[in-house]
Amino acid sequence: MHVVGTAGHVDHGKSTLVQALTGINPDRLREEVERQMTIDLGFAWLTLADGQSLGIVDVPGHRDFIENMLAGVGGMDAVLLVVAADEGVMPQTREHVAILDLLGVEQGIIVLTKSDLVEDADWLRLVEADVRSVLAGSGLENAPAVAVSARTGEGLDGLVRALSALLKEIPARQDRGRPRLPVDRVFSMAGFGTVVTGTLLDGSLGTGEEVELAPSGVAGRIRGLQTHKQRIERAFPGSRLAVNLSGVDVGAVHRGDVVCHAGSYPPTRLLDAKVRCLKDASTPISHNQEVKLFVGTAQRLGRIRVLHQDRVRPGEEAWVQLVLREPVVAARGDRLVLRRPSPAETLGGGTIGEAHPRRLHRRRDAEVPRVLDRLLRGDPQDGLLEAARGRGPVFLRDLVGAAEMDLEHATELGQALVDSGRLRELRPGTGSASGDNLVVDAAGWQELTERTRRMLREYHAAFPLRPGVPREELKSKLGLEARVFAACLGAWADDGFLSESAGAVGLTEYRPTPTSDEQAAIDRTLRRVNAARFAPPSARDLVDQVGEEVFAFLIASGALVPVSAEVVFGADAYAALVEGVQDLLAREGQATVAKIRDEFDTSRKYILALLEHLDALGITVRAGDLRMLGPRSGKS
Ligand code: GDP
């Protein structure tokens with residue numbers, strides 16, 4: 001199924017031709033029928049003798065309605081360029097040809113209408129030659145020409161034959177697994193509710209599916225689908241489609257909205273595009289100029305940033321960045337047209353290279369056009385890589401929108417990029433649902449690793465006696481989400497770059513080493529603690545003596561063992577206590593605090609702290625006044 005559009009000057013017979021071909025009067029508004037002038041899009045359809053069916057979009061030819069025309073030409077596969085034989089090329093013939101060229105419409109037929117009004121065959125040839133001179137250099141320059149009269153029917157058979165030959169040459173639209181329907185009409189039908197129409201692109205839609213209207217995000221469900229007034233269950237790319245939406249108020253939808261699956265087309269307010277200024281434009285396209293953008297069926301106001309020069313002169317092509325006032329839905333490779341809002345004029349147009357640039361590009365940065373040119377050439381691996389660039393570690397499922405692909409495709413391409421070393425895969429630890437693959441581009445990984453290395457070095461320099469940064473502190477300094485942080489730590493540990501122990505993260509090669517003064521203090525303290533054995537000085541006393549850092553170092557190194565906030569034993573005394581308590585309980589079965597205290601010839605406060613500590617470890621258990629061996633005791 002294909003979609004063919006009309007184009008050409010007002011009154012040259014487009015609507016009459018469509019009606020003669022299809023039997024359908026495409027002028028839908030009473031006003032249009034009364035004024036005999038198409039002011040909005042008209043629609044009709046036709047099944048050719050060879051069985052091919054086609055939808056026809058009839059666009060207005062009047063200068064004042066050029067913007068309506070633009071909403072209609074986006075989805076067309078081929079065009080009928082209509083020129084009245086008696087009048088020949090007129091201003092809107094030229095403007096439409098220029099727009100078709102900007103939009104990349106390269107298939108079509110030149111239809112010389114009203115042939116009944118010219119008797120002279122030479123005149124017809126002259127008109128055709130004139131049309132061809134307008135088409136010179138465009139994709140339509142070699143289009144076949146057919147003369148017809150809608151009034152007498154002469155030439156219509158030849159036109160149908162030409163159409164049938166042309167459509168056979170046009171490949172079916174691609175299914176990229178990301179359906180979108182740029183809405184060109186919205187209306188409400190009694191008994192059905194909201195209906196939108198458009199040409200379906202890039203994927204298929206089925207009855208019953210949940211959809212959203214982008215960019216507004218309004219959610220709805222497909223209640224019914226029709227193509228050419230036939231009910232269908234599933235629609236494929238390239239079809240003219242009427243979609244009956246349930247759960248959507250007719251006032252909530254507008255021309256230019258896009259029906260798609262939720263989240264599959266994130267809206268954007270920045271677009272990178274390669275644009276050409278029309279050679280007949282009255283002015284160049286200037287940096288910072290206000291423009292009206294047409295993409296799909298949408299139009300938006302915005303500002304244009306010309307990236308490598310101050311202006312794009314008529315006939316020139318350049319990369320620009322569009323900064324839109326309101327978000328729009330667009331994808332890489334989409335064609336766009338730019339108009340000056342006032343006085344209204346078509347200035348140029350081109351192709352979107354990046355629909356989701358993450359920032360305003362620095363002007364005259366030579367890397368920008370290189371990357372964009374590559375993207376435009378369309379290597380999907382580059383697309384995915386570009387989406388990942390500068391994001392740091394990111395889940396694949398969060399890249400599919402910007403990379404313009406479905407998850408399955410992204411997973412496959414992501415694997416190839418991991419294999420070739422352009423992406424690094426990090427293991428998020430828990431869960432391996434698809435889309436949970438965490439990746440980071442090579443430069444992003446290096447940047448994050450270097451930043452972490454710097455933080456650890458600084459921490460080691462500031463706190464030389466500590467084994468490393470507390471894990472939570474590092475996580476919040478790096479600003480990473482818990483799962484991402486855990487995956488990064490795992491990767492860094494695998495690389496041997498850092499290690500983690502007791503909740504502190506340090507550089508692998510780092511060993512806390514006391515200065516000679518500190519070492520002297522440490523020796524003094526340990527002598528004191530060891531001499532006191534089962535009745536050591538309090539933690540506060542020790543901190544007062546050696547300072548917080550040395551005290552923490554002694555604990556981290558295992559020379560001191562804290563059993564409560566206040567009570568700290570030397571390593572030997574602690575080991576002897578743990579052994580001795582268990583031996584006593586194994587021997588006696590149970591013992592009171594007083595009994596245990598006497599065994600070690602110390603005071604109650606030490607033994608209470610020790611026993612609570614051992615209870616917590618499961619080495620002892622308490623029953624009233626008594627202690628017994630706990631489940632984790634080594635004795636029985
Ligand atoms: P559009 O603005 O291009 O859609 O033009 P229309 O289809 O509305 O036609 C404009 C006028 O030309 C109408 O009055 C038509 O009746 C007339 N017309 C269209 N086709 C023919 C034709 O083949 N022969 C003649 N004599 N008149 C035509």
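In this chain, numbering begins with 1 at the start of the sequence shown. Both ligands and their constituent atoms are indexed starting at 1 by order of listing.
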If hydrogens are left out, which of V83, L156, D116, D58 has an atom nearest to atom 24 (N) of ligand 1, that is, the closest non-hydrogen atom? D116
Judged on heavy-atom distance to atom 17 (C) of ligand 1, which of K114, K14, H9 sits nearest? K114
Just by distance, no angles: are the side chains of D116 and S149 close enough, under 3.5 Å, to form a donor-acceptor pair? yes
Are a donor atom and an acceptor atom from the side chains of S204 and R234 found within less than 3.5 Å of each other? yes
Quick one: does T113 get an N or O within less than 3.5 Å of an N or O on ligand 1? no
Is there a nitrogen or oxygen of S115 sitting under 3.5 Å from a nitrogen or oxygen of ligand 1? no
With a 4.0 Å heavy-atom cut-off (strictly under), which part of L117 contacts ligand 1: side chain, backbone, both or neither? side chain
[atom]: nearest protein contact (heavy atom, Å):
atom                    : result
atom 5 (O) of ligand 1  : G13 N, 3.0 Å
atom 23 (O) of ligand 1 : A150 N, 2.8 Å
atom 16 (O) of ligand 1 : R151 NH2, 3.4 Å
atom 14 (O) of ligand 1 : Q36 OE1, 3.3 Å
atom 9 (O) of ligand 1  : T16 OG1, 3.4 Å

Atoms of ligand 1 under 4.0 Å from any heavy atom of S149, numbered from 1 in the order shown, are 23 (O)
So, does D11 sit close enough to ligand 1 that a heavy atom of it is under 4.0 Å from the ligand? yes
Any side-chain heavy-atom pair from [X] and [Y] closer than 4.5 angstrom?
X    : Y    : result
V275 : E317 : no
D58  : L41  : no
V295 : I352 : yes
R332 : E354 : yes

Does D310 come within less than 4.0 Å of R364, counting only side-chain N to carboxylate O? yes
Any cation-pi pair here, R173 with F236, using under 6.0 Å and within 45°? no
